[in-house]
Amino acid sequence: MKILIVEDDQSLALTIQDILEDRGYETMVCFNFRQAYHEIRNPFDCYLLDNRLPDGTGLDLCKLIREQSKSPILFISSDTNETSILKSFECEADDYIEKPLRLSVLLAKIEAVLKRAGKFQTQYKIGNSLLDTSKKSLQMEEERFELSISEIAILECLFQAYPNYISREDLAKYVFNKTGHLPSLETLTSRISGLKKKLGEKGKCIDSLRHVGTRWLV
């Protein structure tokens with residue numbers, strides 16, 4: 001999914017970009033109204049707008065975006081004036097987050113609005129395997145397996161990378177982004193082994209190659 005970040009504080013904008021890209025989002029950053037004006041001609045799944053820009057306002061951008069897109073719009077602004085906040089909702093913004101930002105809250109709100117908009121993927125299907133992250137389950141033909149949060153994160157990463165291998169380091173990082181807990185490589189290996197054991201005969205779909213990584217096989 002693609003997210004447009006419009007923020008004149010370059011340090012904050014790049015921090016948000018790094019965090020979102022670590023979560024698997026594609027991003028585009030604009031530091032002023034002029035740049036954003038040209039970018040909004042392209043489709044995005046979500047928009048993060050600062051209201052106070054050096055050459056315009058987020059409110060005007062919001063109006064322009066709404067002329068062509070129904071994707072979620074979140075304001076991130078130090079402008080705490082009640083009138084500005086109310087105007088953002090009049091322009092059909094989905095949320096207004098005041099600075100200083102709590103990045104964990106920002107991420108949660110982005111996921112929430114994407115889910116409401118039907119853009120947040122919760123199901124992955126490869127062959128006869130259906131991973132449902134919202135129900136924390138994996139359906140393989142007639143068998144259904146209940147999964148822990150870390151097991152969901154591991155499988156979601158493998159399904160997204162399919163048919164390629166994902167390194168243990170990148171897999172551990174993905175688990176951290178999804179659960180808030182960074183497993184050691186030894187712990188990650190143990191969890192993968194436990195997951196394969198839980199799947200029984202179907203555990204052979206999880207293929208690990210030393211010095212390369214792990215992947216999902218059909």
Side-chain angles (χ1 to χ4, degrees), residues 1-123 133-136 149 152-153 156 160 173-174 176-181:
M1 283 181 284
K2 295 179 64 177
I3 297 179
L4 179 65
I5 304 165
V6 184
E7 169 59 62
D8 65 332
D9 182 333
Q10 294 191 20
S11 177
L12 176 59
L14 295 177
T15 296
I16 294 172
Q17 181 181 41
D18 286 343
I19 290 173
L20 289 176
E21 290 187 351
D22 282 345
R23 288 274 180 148
Y25 297 103
E26 294 181 50
T27 64
M28 173 62 68
V29 175
C30 297
F31 301 120
N32 55 51
F33 184 96
R34 180 180 57 82
Q35 291 176 337
Y37 178 77
H38 293 290
E39 280 300 326
I40 62 174
R41 300 172 186 175
N42 302 312
F44 289 89
D45 296 296
C46 185
Y47 301 83
L48 303 182
L49 307 181
D50 186 2
N51 193 23
R52 293 174 172 170
L53 299 169
D55 55 346
T57 72
L59 289 172
D60 288 334
L61 273 178
C62 185
K63 293 175 185 177
L64 292 171
I65 293 168
R66 278 292 172 254
E67 290 177 2
Q68 62 189 38
S69 174
K70 294 296 183 182
S71 292
I73 299 174
L74 291 84
F75 275 86
I76 48 174
S77 182
S78 58
D79 184 356
T80 60
N81 184 285
E82 183 177 340
T83 300
S84 297
I85 296 173
L86 292 175
K87 282 183 177 180
S88 75
F89 290 110
E90 289 174 7
C91 294
E92 299 183 48
D94 294 86
D95 210 335
Y96 195 104
I97 307 170
E98 298 178 7
K99 295 178 182 175
L101 293 178
R102 289 177 289 175
L103 293 175
S104 59
V105 173
L106 174 62
L107 285 171
K109 285 180 176 285
I110 290 172
E111 291 189 2
V113 295
L114 287 172
K115 285 179 181 177
R116 287 199 296 270
K119 294 177 176 287
F120 199 84
Q121 187 172 358
T122 61
Q123 291 189 341
T133 60
S134 63
K135 296 180 179 178
K136 297 184 176 64
I149 294 176
I152 280 287
E156 185 175 21
Q160 288 182 359
K173 188 176 182 181
Y174 191 90
F176 170 71
N177 287 332
K178 286 293 183 178
T179 67
H181 299 287

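What you see below is based on every heavy atom in this structure, not just the backbone, and it leaves out hydrogens, waters and symmetry mates. It should be emphasised that the depicted structure is a prediction, and the values quoted were computed from it without experimental measurement.
With salt bridges taken as basic N to acidic carboxylate O contacts below 4.0 Å, none links Asp55 and Arg34.
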Given Leu20 and Ile5, is the side chain to side chain contact (heavy atoms under 4.5 Å, CB included) satisfied, shown in steps? CA-CA 10 Å; Leu20 289 176; Ile5 304 165; 3.9 Å; yes
Show your working on salt bridge (charged side-chain N to carboxylate O under 4.0 Å, His left out) between Lys87 and Asp60 and close with a plain yes or no. CA-CA 10 Å; Lys87 282 183 177 180; Asp60 288 334; over 6 Å; no
Would Thr133 and Gln123 count as a side chain to side chain contact (heavy atoms under 4.5 Å, CB included) if you check the C-alpha gap in whole Å, the side-chain angles of each, and the deciding distance to 0.1 Å? CA-CA 6 Å; Thr133 60; Gln123 291 189 341; over 6 Å; no
Pair Val6-Leu61, side chain to side chain contact (heavy atoms under 4.5 Å, CB included): steps then yes or no: CA-CA 10 Å; Val6 184; Leu61 273 178; 3.9 Å; yes
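In the displayed structure, Ile149 atom CD1 is contacted under 6.0 Å by at most 12 heavy atoms of other residues, nucleotides or ligands. Atom CD of Gln68 sits in a crowded spot, with more than 12 heavy atoms from other residues, nucleotides or ligands closer than 6.0 Å. Heavy atoms of other residues, nucleotides or ligands lying less than 6.0 angstrom from NZ of Lys99 number more than 12. Heavy-atom neighbours of Tyr37 OH from other residues, nucleotides or ligands within 6.0 Å: at or below the threshold of 12.
Looking at heavy atoms from C-beta onward, Ile76 lies in side-chain contact with Ile97 at the 4.5 angstrom threshold. Side-chain contact between Ile3 and Asp45 is absent, with no heavy-atom pair separated by less than 4.5 Å. Between Tyr47 and Ser69 there is a side-chain heavy-atom pair separated by less than 4.5 Å. Proximity of Cys46 to Ser71: side-chain heavy atoms (C-beta onward) are nowhere separated by under 4.5 Å. Under the 4.5 Å side-chain criterion, counting only non-hydrogen atoms from C-beta, Ile110 is in contact with Tyr25. The side-chain heavy atoms of Lys63 and Glu92, taken from C-beta on, include no pair separated by under 4.5 Å. Looking at Ser78 and Arg52, their side chains come closer than 4.5 Å, going by heavy atoms from C-beta outward. For the pair Asn32 and Asp8, the minimum side-chain heavy-atom distance is 4.5 Å or more.
Scanning all heavy atoms of the two residues, the minimum distance from Glu39 to Phe44 falls at O-CE1, 3.4 Å. Nearest approach of Cys62 to Phe75, heavy atoms of both residues: CB-CZ, 3.9 Å.
A donor-acceptor pair under 3.5 Å links the side-chain atoms of Thr15 to the main chain of Ser11, judged by distance alone. In this structure a side-chain-to-backbone donor-acceptor pair under 3.5 Å is missing from Gln17 to Ala13. Looking at Ser88, its side chain never comes within 3.5 Å of a backbone N or O of Ala93 through a donor-acceptor pair.
Each of Ile73, Asn51, Thr80 was checked for a side-chain contact (heavy atoms from CB on, under 4.5 Å) with Tyr96, and the lone residue meeting it is Asn51.
No hydrogens or angles considered: a donor-acceptor pair under 3.5 Å links the side chains of Asp79 and Ser84.
Once rounded to the nearest 0.5 Å, the distance linking CG of Asp95 with CD1 of Ile85 reads 10.5 Å. Between the CG atom of Leu14 and the CD atom of Glu21 there is a distance of 10.0 Å, given to the nearest 0.5 Å. Here the straight-line distance linking atom SG of Cys30 with atom CD of Glu7 works out to 11.5 Å at 0.5 Å rounding. Distance check, rounded to the nearest 0.5 Å: NZ of Lys2 to OG1 of Thr27 gives 10.0 Å. Between the CD atom of Glu98 and the OG atom of Ser77 there is a distance of 8.5 Å, given to the nearest 0.5 Å. Rounding to the nearest 0.5 angstrom, the gap separating the CG atom in Leu4 from the CD1 atom in Ile65 is 6.5 Å.
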